*Asks:* 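Here you go, one structure.
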Amino acid sequence: GERMVLMLDGMFAFVLIDTRSKGEPTIVAARDHMGICPLYWGHGADGSVWFASEMKCLIDDCVTYQEFPPGYAFLNGELVRWYNPI
């Protein structure tokens, strides 16, 4: 979850799908605090969430799409700010 993202250092943008637990898989997406690596996300008409490294991949399948904000993580269906500068 969020604690894992705090252990990372450097440039990153990723989506992790954990299917080990029973039921719905856990989806974690995060982007480095400077926004160096690209990550975009969108929402499909059916409520699904899509992620891509290029916005053009989302245009045909998503109703809305935008740049994933730097320093944030998508955890359990919520956008959470993980980076808090001192």
Side-chain angles (χ1 to χ4, degrees):
E2 184 179 351
R3 287 181 285 144
M4 179 216 33
V5 177
L6 294 172
M7 293 181 215
L8 299 176
D9 187 25
M11 305 180 309
F12 61 87
F14 68 87
V15 178
L16 176 78
I17 302 173
D18 185 358
T19 59
R20 293 178 296 173
S21 60
K22 294 182 181 179
E24 292 291 317
T26 301
I27 300 173
V28 177
R31 190 169 181 209
D32 65 89
H33 71 283
M34 295 295 290
I36 295 171
C37 295
L39 184 61
Y40 299 91
W41 68 320
H43 293 86
D46 62 354
S48 58
V49 180
W50 295 61
F51 296 94
S53 61
E54 296 182 2
M55 191 179 291
K56 66 183 178 182
C57 298
L58 303 174
I59 292 172
D60 293 337
D61 297 304
C62 294
V63 177
T64 62
Y65 48 90
Q66 62 189 15
E67 182 180 16
F68 195 88
Y72 278 79
F74 180 84
L75 305 166
N76 301 318
E78 287 187 41
L79 194 60
V80 177
R81 183 174 177 88
W82 66 266
Y83 180 74
N84 293 308
I86 296 175

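In this text the structure is predicted, and so the values were computed from the model without any measurement.
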*Asks:* Please report the shortest heavy-atom distance between Ser53 and Tyr40, naming the atom on each side.
*Replies:* O-CE1, 3.5 Å
*Asks:* Taking salt bridge (charged side-chain N to carboxylate O under 4.0 Å, His left out) as the cut-off, I'd like each qualifying pair that reaches into residues 33-51, sequence neighbours left out, listed once.
*Replies:* none
*Asks:* Closest approach of Gly44 and Trp50, non-hydrogen atoms and distance?
*Replies:*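 Shortest heavy-atom separation between Gly44 and Trp50 comes out as N-CD1, 4.0 Å.
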*Asks:* Check this for me: Asn76, atom CG, are more than 12 non-hydrogen atoms of other residues, nucleotides or ligands nearer than 6.0 Å?
*Replies:* no
*Asks:* Residues two or more places apart in sequence or in another chain: which of them pass salt bridge (Lys or Arg N to Asp or Glu O under 4.0 Å) with Glu54?
*Replies:* Lys56
*Asks:* With rounding to the nearest 0.5 Å, note down the distance linking CG in Leu8 to OH in Tyr83.
*Replies:* 14.0 Å
*Asks:* Tell me who clusters with Met11, hydrophobic residues only, linked when side chains sit under 4.5 Å apart either directly or through other members.
*Replies:* Met34, Ile36
*Asks:* Taking only residues two or more places apart in sequence or in another chain, which ones pass salt bridge (Lys or Arg N to Asp or Glu O under 4.0 Å) with Asp9?
*Replies:*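 Asp9 satisfies salt bridge (Lys or Arg N to Asp or Glu O under 4.0 Å) with no residue once adjacent residues are dropped.
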*Asks:* What are the two closest heavy atoms between Cys37 and Ala13, and how far apart are they?
*Replies:* CB-CB, 3.7 Å
*Asks:* Same cluster or not: are Met55 and Val63 linked, directly or through other Ile, Leu, Val, Met, Phe, Trp or Tyr residues, by side-chain heavy atoms under 4.5 angstrom apart?
*Replies:*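 No; Val63 is not reachable from Met55 via cluster members.
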*Asks:* Members other than Phe68 in its cluster, when Ile, Leu, Val, Met, Phe, Trp, Tyr link by side-chain heavy atoms under 4.5 Å?
*Replies:* Val15, Ile17, Ile27, Leu39, Trp41, Val49, Phe51, Tyr72, Phe74, Leu79
*Asks:* Sort and list the pairs that fulfil side-chain hydrogen bond (donor to acceptor under 3.5 Å, both in side chains) and have at least one residue in residues 23-33, not counting sequence neighbours.
*Replies:*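 Sorted result for residues 23-33: Arg31-Glu67.
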*Asks:* With heavy-atom distances below 4.5 Å as the criterion, would you say the side chains of Leu75 and Trp82 are in contact?
*Replies:* no
